[in-house]
Amino acid sequence: MGLFSIFKKLPKIEVGSIWAAPNCIWSNSFARNKKGIGYHPAIVERLKTDQITAILTPGTTKTYKIGSCVFTTKISPLKNVKSHFLLQLSMPYLIDELQNHQNNWWGVQCLSEKQKKELQQQITWCKGTRN
Amino acid sequence: MTILMNSNKINTNEIWLTKKSFADINGKDFSSDKESIIFVVLAPESINNEEFVRVQPISKQIEYRTEEDIFIEDESFLGYPFIIETWNEQPILTELLHKKLGSISNLSVDVIEPSEFSKKQLSFRRSEIKRTAFLRQSVLSNIVDPLNKVETWPMSKVFAACAAIVMGVVFILWQPHKYSNEEFLAFYQEKNPMELSFNVQNQLVRGDGISIEGFSLTESDIIQLALKKYNDGDYLASSELFSQVPDLFNHNIDIYFYAALSDLYANNTARAIISLELLEKLSRSYDYETSWRFIEELESSVSNNDVLFYLALAYVQNGDVRNARALLNKISSNSPDYLKDKPNILGNLRWF
């Protein structure tokens with residue numbers, strides 16, 4: 001196994017894991033992650049049984065919406081700073097591509113067990129059992 | 001805005017044709033090879049003053065469908081049978097919706113997430129998720145984290161950084177542009193032998209049977225012989241002879257200094273360091289009598305800088321380049337002229 005393969009296998013994709021997702025997912029030659037586009041935190045909300053797809057929920061410290069479809073939790077160590085994950089903006093993401101990103105946001109790689117339960121509760125309130 | 005104009009017209013269960021291009025919130029233009037057809041599953045909502053809907057892409061590649069697709073055989077909607085990709089549901093800005101193609105009423109289909117997929121089905125899913133990235137990009141452009149501190153590096157950059165760090169560590173350990181301690185001493189010790197001062201040379205020409213002040217006749221003879229050996233460059237012998245004279249420090253600092261140098265050049269490093277540290281301590285003593293003694297006895301022949309310089313060499317001999325560097329820096333800042341005939345001495349000293 002080459003060194004490259006070892007590095008590639010390090011990130012663990014699981015429900016509740018937090019990723020630095022680029023604000024631009026467009027991946028053709030004309031707009032591939034242009035410098036300055038930036039990143040936002042994204043949580044793996046669900047893993048599909050096809051094993052190639054994760055459902056990612058984007059988040060931000062900016063308060064876009066307040067309501068039952070926002071999962072608000074503490075990730076940043078900064079005082080009075082919370083992250084808001086916008087459940088209604090969840091979207092499919094290929095696991096292969098997700099592994100190329102950083103599994104880390106403010107040093108946090110995954111939600112705690114308590115946070116995971118709160119996430120699932122919020123998803124149920126927002127989406128019912130549709131998912 | 002287009003979005004607001006459309007918002008009253010967009011409802012769930014409607015089929016829409018999307019645009020091929022759009023400008024995102026940052027003014028960047030995005031284009032797709034062709035339009036997409038989508039099925040609206042969530043009526044417009046707002047984000048960051050923009051409206052979005054949740055949609056499921058539609059495809060006519062019905063042969064790749066699974067139980068998680070909604071299969072519409074009725075050709076009256078689009079002119080062909082199609083599938084609604086429930087597994088590829090995503091948000092898009094309503095701005096992207098171009099033309100309503102129809103709606104499906106009374107759609108009540110339970111989809112099941114399959115546990116097995118054929119290779120073709122997986123390949124189809126992969127390509128569809130990539131193809132529809134154009135749609136969800138419209139929403140992603142709007143998500144900005146004000147505390148965006150994390151930057152993802154591609155693996156090539158990670159490896160380049162690792163390689164640079166490894167090379168840097170090797171370079172620091174190796175220090176190829178520095179002298180080894182042995183080379184350093186060979187260069188700077190031999191270039192700067194400390195000649196006997198005038199006062200001390202006088203002891204060499206004194207007559208037999210005349211003792212040096214503060215010493216017995218025998219001790220005076222030993223000191224005279226030691227000074228001769230020092231003058232001849234036989235430091236091993238002078239070091240041995242000086243060591244036979246007790247309490248040299250308290251009787252004659254001038255001679256004590258040459259005894260210390262004899263130790264240094266004879267590689268009696270520990271003794272040289274002890275003697276030179278004692279002199280260095282004396283030279284910066286605040287005690288009036290001791291400092292005056294140092295000035296009185298050494299001022300004309302040996303300077304404070306001489307003591308610091310040879311103590312630095314003794315430290316290098318002992319492998320203690322950190323303390324050596326501190327002393328040389330002290331000389332460099334206090335008396336830069338002193339190091340003029342010792343070219344690049346600080347530059348040639350290893351970091352550790």
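Lettering follows sequence order; numbering is per chain, from 1. Note that the coordinates shown come from a computational prediction; the quantities given were computed from them, not determined experimentally.
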Quiz item: Quick one: what part of B:Glu116 sits under 4.5 Å from any heavy atom of chain A, side chain, backbone, both or neither?
Solution: neither

Exercise. Show your working on salt bridge (Lys or Arg N to Asp or Glu O under 4.0 Å) between A:Asp96 and B:Arg126 and close with a plain yes or no.
Key: CA-CA 10 Å; A:Asp96 287 353; B:Arg126 195 182 293 276; 2.9 Å; yes

Practice problem: Measure A:Leu89 against the heavy atoms of chain B and call it side chain, backbone, both or neither at under 4.5 Å. | Solution: both

Self-check item: Aromatic ring proximity, centroids under 6.0 angstrom, B:Phe71 and B:Phe82
Solution: no

Quiz item: What part of B:Ile129 gets closer than 4.5 Å to chain A, counting heavy atoms only: side chain, backbone, both or neither?
Solution: side chain

Quiz prompt | Side-chain donor-acceptor pair present, B:Glu183, B:Asn181, cut-off under 3.5 Å | solution = no

Quiz item: Is the backbone of A:Leu86 close enough, under 3.5 Å, to the side chain of A:Thr57 for a donor and an acceptor to pair up by distance?
Solution: no

